[in-house]
Amino acid sequence: MDGSLLDQTQHERLALVDVNNFYVSCERVFDPSLRGRPVVVLSNNDGCVVSRSQEAKDLGIKTGQPWFKLEPFAPRWGLVARSSNYELYGDLSSRVMEVLGRHGLWQEVYSIDESFVGVAGTPDELLQLARRIRQDVLRYVGVPVCVGVAPTKTQAKLANHIAKARAELEGVCSFDSLAEADLWRLQERLPVTGLWGVGRKSGEKLVAEGIETIADLRRADAAKVRKRHSVVLERTVRELNGVNCLPPTAEKADRAQVMYSRSFSSPVSTLAELDEVMNLYTQRAAARLSAQGMLAKVLTVSAGTSRFSGEASFPSRSVALPEPTADPVLLTRYAVSALRSVVVPGTPYVRAGVMLSGLGRDLDHGGREQLELFSLDGGEDAVPDGAGPGSGAAPARAADLSGLLASVKGRFGHAAIGLGRGGFAEEPEWSMKREFRSKRFTTEWDELPIAKA
DNA sequence: AGGTCCC
DNA sequence: CTGGGACCT
């Protein structure tokens, strides 16, 4: 039956919306000169390709390719590289999600650039809605998305792939608007590997059993698939047949650990520099910790030399903290001395990290995310409510300090304040290489785009 | 704990 | 080709 012509009943469906070439698309929002050209976004330290524009894909560039191998060809190809700018991507991501949320009955953010959205309507209405979603994201945020609409998550993923692959669909594919026969024909031509939930391993195994296309898998006996493979794959089969069996991805449970680990642009071998590194990294980790309202019981520091040259060494050390804390001052002190105790001066370290674990909820944290700047300086405001006489003045101060740091950074930029070297505006020498980073147009006051009328 | 998958 | 997280067996 051709849904779009005959079927006027209401359906509840899922839309899977994702941004095309997300990082590259973000870069293009603020730099239109990148449109229509091959563009790649590089990983930390400008190491290798993590996102490619369509034009870059057409050149045969693969994700994971090291930039230094590509760079010589860049001028000839007109290829442009950008360092990753996660502040920008994170911010644009939340704007995309906000727009999607307006259109759905419910929303499940699946990753930085994709989201499931609950939709309902007749087949025609669903198709219109999908088109409107695409238009709105383009108009309000400026990035292109594809939309796949179907009865189950697996099918919605598939619909989304089809929307991407077939230009004539203009970024939108809704199963209810396809004739059943056309849908089968499409699935007969698509390899089973690459379907959501079918990775390389099970893909190979399926092919060996004669299940080569998505249509083959859809026709397969679910019970047999479960026996031979797994319940996961059984669910995929059932989902392909229109039976919802993937529950909403669970609310993200509290993290078990917070880690901040980076490699340097150039090796670091002096204690003074390693102190600086620990200073900065621990403050980053502590900020994340307190943003999530958690306290840590254990701190682990580590450093590492290059794996490629000579004797590799990966010194690390864990410290049990005297009490659960998120206090950046305390944590930084422990981190600096812990790393000092395991590191050998003169060794060329290329990366270091701080991990906070043994996490628990900070019970005193509820609803106090946004601390006012002046709550610290005197008056009754300096005494947090609920703190009885003699009880916990020190932890309260720590919480306030985290909030204060976050709030100042939010208002005046990341370099505005910090402990020790953390507050220096100038980047230290070992800072991650991000030679081609665009401005943080939407999250730093000093980097707002300027419009001239 | 190890395997698999996904982003 | 790197790392992290989630889920399953």
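Quantities reported herein were computed from a predicted structural model and do not represent experimental measurements. Residue numbers begin at 1 in each chain, while the letters A, B, ... track the order of the sequences.
As rounded to whole Å, 16 Å separates atom C1' of C:dG4 from atom CG of A:L356. Distance A:K205 NZ to C:dT9 P: 12 Å, rounded to the nearest Å. If you take CZ of A:R200 and P of C:dC1, they are 13 Å apart, rounded to a whole angstrom. Taking atom CG of residue A:L70 and atom P of nucleotide C:dC1, one finds them 15 Å apart after rounding to whole Å. Following rounding to the nearest Å, A:D113 (CG) and B:dC7 (P) show an atom-to-atom distance of 9 Å. The CZ-P distance, from A:R228 to C:dC8, rounds to 22 Å in whole Å. Distance, A:N45 CG to C:dC1 P: 17 Å, rounded to whole Å. Spacing between atom CZ of A:R235 and atom C1' of C:dA6 amounts to 12 Å, rounded to whole angstrom units.
Each of A:V232 and A:C48 has a nearest nucleotide on DNA chain C; the 5'-most of these lies closest to A:C48. Where A:V231 and A:S261 each meet DNA chain C at their nearest nucleotide, the meeting point lying more 5' is that of A:S261.
Within the 4.0 angstrom heavy-atom criterion, only backbone atoms of the sugar-phosphate kind lie near A:K157; the bases stay farther away. If you check every strand for non-hydrogen atoms under 4.0 Å, A:L246 touches nothing. Backbone-only contact: A:E114 has heavy atoms under 4.0 Å from sugar-phosphate atoms and none from a base. Nucleic acid contact for A:G197: sugar-phosphate only, since backbone atoms but no base atoms lie under 4.0 Å from a heavy atom of the residue. Heavy atoms of A:S202 sit under 4.0 angstrom from primed sugar atoms or phosphate atoms, though from no base atom.
Of the candidates B:dC5, B:dC7, C:dC8, the closest approach to any side-chain atom of A:K201 belongs to B:dC5. Of the candidate nucleotides C:dC8, B:dC7, B:dT4, B:dC7 has the atom lying nearest to any side-chain atom of A:S111.
For the pair A:D18 and A:K164, the salt-bridge criterion is met [side-chain N within less than 4.0 Å of a carboxylate O]. Comment: A:R95 engages A:D91 in a salt bridge, judged by a side-chain N to carboxylate O separation of less than 4.0 angstrom. A salt bridge between A:D31 and A:R28 is absent, with no side-chain N of the basic residue lying under 4.0 Å from a carboxylate O of the acidic one.
Atom CD1 of A:I214 is separated from atom CG of A:L190 by 4.5 Å, given to the nearest 0.5 angstrom. To the nearest 0.5 Å, atoms CZ (A:F30) and CG (A:L448) are separated by 9.0 Å.
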